[in-house]
Amino acid sequence: MAKNLAGLGDTKALLNVYIANIPTFDFGAKGQSMHPLEEGDIYACGQACGNGWRKVFNVYAKLVYAAALPTLGAKTFDSWQEYRDKKLLQVGSSTSLHFRPPAQISAKNDQQTQLDSSSIHIVMGRTYAKTLNLGDQLVWLDEEFAINNERGIIVCPYFDYRQLSNIKIVRLVGLIKEVQDRITTHSM
């Protein structure tokens with residue numbers, strides 16, 4: 001595993017997901033901070049790193065497939081499984097998985113830099129979100145979901161079948177579409 005690997009996926013992603021941990025898998029990222037995956041990488045990582053990472057990739061693919069945003073192109077595939085295997089976190093997928101947050105997402109050090117307002121930023125897990133000191137930047141909708149529509153930040157349960165069930169994926173899709181509507185309105 002490259003020590004400076006900041007994440008996986010498309011460097012021009014619309015959907016950016018942030019996770020507190022990093023897989024112990026060598027993706028072959030030669031000095032890149034963001035590394036786009038190739039077909040077979042998700043399967044290989046799941047085999048090498050276990051069920052936890054398999055679940056993260058599966059739930060991410062199910063979420064993108066359920067969201068059906070045209071920019072992400074998931075509905076051009078017959079199933080979320082096919083989408084996961086052939087497009088998720090690859091060049092042109094418009095999806096990314098970050099192993100550390102960009103400085104702009106965190107309120108630490110009084111950083112006031114804006115996130116890319118044309119992107120959606122999902123922080124995986126309330127506990128991780130709290131370490132980012134987002135504080136009053138978020139409106140907590142309940143114990144699991146929070147949003148800052150203007151900055152495009154959503155906090156949701158960890159990408160695991162039990163924590164982010166199909167019902168909660170539907171709720172998260174609604175929040176993603178709310179942020180996407182704001183992005184679309186502001187770009188007109």
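Note that these values count all heavy atoms, side chains included, but never hydrogens, waters or copies made by symmetry. We number each residue from 1, following the sequence as shown.
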Inset, instruction - Rounded to the nearest 0.5 Å, what's the gap from NZ on Lys87 to CG on Leu37? Could you check? - result: 13.5 Å
Inset, instruction - With sequence neighbours excluded, tell me which residues meet side chain to side chain contact (heavy atoms under 4.5 Å, CB included) with Asp160. - result: Lys55, Tyr158, Arg162, Gln163
Inset, instruction - Can you label the angle between the Trp53 ring and the Phe57 ring as parallel, tilted or perpendicular, going by 30° and 60°? - result: tilted
Inset, instruction - Calculate, to the nearest 0.5 Å, the distance between atoms CG and OG1 belonging to Asn16 and Thr11 respectively. - result: 10.0 Å
Legend entry - OG-CZ distance between Ser33 and Arg100, expressed to the nearest 0.5 angstrom: 7.5 Å
Legend entry - Validation row: Cys156, Ile122 side chains within 4.5 angstrom (heavy atoms): yes
Legend entry - Test item: Trp140 and Val155 side chains (from C-beta on) under 4.5 Å apart, heavy atoms: yes
Inset, instruction - Report the distance from atom CD of Glu178 to atom CD1 of Ile147, rounding to the nearest 0.5 Å. - result: 4.0 Å
Inset, instruction - Give, for atom OG1 of Thr127 and atom CG of Leu132, the distance between the pair rounded to the nearest 0.5 Å. - result: 11.0 Å
Inset, instruction - Determine, using the 4.5 Å side-chain heavy-atom cutoff (strictly less than), whether Leu97 and Val91 are members of one ILVMFWY cluster. - result: no
Legend entry - Validation row: Met124, Leu164 side chains within 4.5 angstrom (heavy atoms): no
Inset, instruction - Sequence neighbours left out, what passes side chain to side chain contact (heavy atoms under 4.5 Å, CB included) with Glu39? Give chain and number order. - result: Lys86, Gln90
Legend entry - Single-linkage hydrophobic cluster Val59~Tyr43, side-chain heavy atoms < 4.5 angstrom: no
Legend entry - Phe99 CZ to Met34 CE distance, which is reported to the nearest 0.5 Å: 8.0 Å
Inset, instruction - For Asp136, look at atom CG and say whether over 12 heavy atoms of other residues, nucleotides or ligands are found less than 6.0 Å away. - result: no
Legend entry - Qualifying residues under ring-ring contact (aromatic ring centres under 6.0 Å, His included), relative to Phe77, sequence neighbours excluded: Tyr83
Inset, instruction - State, yes or no, whether a side-chain contact exists between Asn148 and Ile154 at a heavy-atom distance under 4.5 Å. - result: no
Legend entry - Check: Leu72 main-chain N/O paired with Ser94 side-chain donor or acceptor under 3.5 Å: no
Legend entry - Under 3.5 Å donor-acceptor, Glu82 side chain and Asp78 backbone: yes
Inset, instruction - Verify, without hydrogens or angle tests, whether Thr95 (side chain) and Leu89 (backbone) share a donor-acceptor contact under 3.5 angstrom. - result: yes
Inset, instruction - Using modelled atom types only, decide if a donor and an acceptor are shared between the side chain of Lys177 and the backbone of Ala67 within a distance under 3.5 Å. - result: yes
Inset, instruction - Using a 4.5 Å cut-off on heavy atoms from C-beta on, say whether the side chain of His98 contacts that of Val17. - result: no
Legend entry - Asn58 vs Tyr161 side-chain heavy atoms within contact, under 4.5 Å: yes
Inset, instruction - May I ask you to test the Pro36-Asp10 pair for a side-chain heavy-atom distance under 4.5 Å? - result: no
Legend entry - Heavy-atom donor-acceptor pair, Asp41 side chain to Glu38 backbone, under 3.5 Å: yes
Inset, instruction - Indicate the atoms forming the closest heavy-atom contact of Tyr65 with Lys75, along with that distance. - result: O-CE, 3.0 Å
Legend entry - Verdict with reasoning, Glu144 to Lys168, per salt bridge (Lys or Arg N to Asp or Glu O under 4.0 Å): CA-CA 10 Å; Glu144 299 177 305; Lys168 291 178 184 177; 2.8 Å; yes
Inset, instruction - Check whether any side-chain heavy atom of Val139 sits under 4.5 Å from a side-chain heavy atom of Asn149, and report yes or no. - result: no
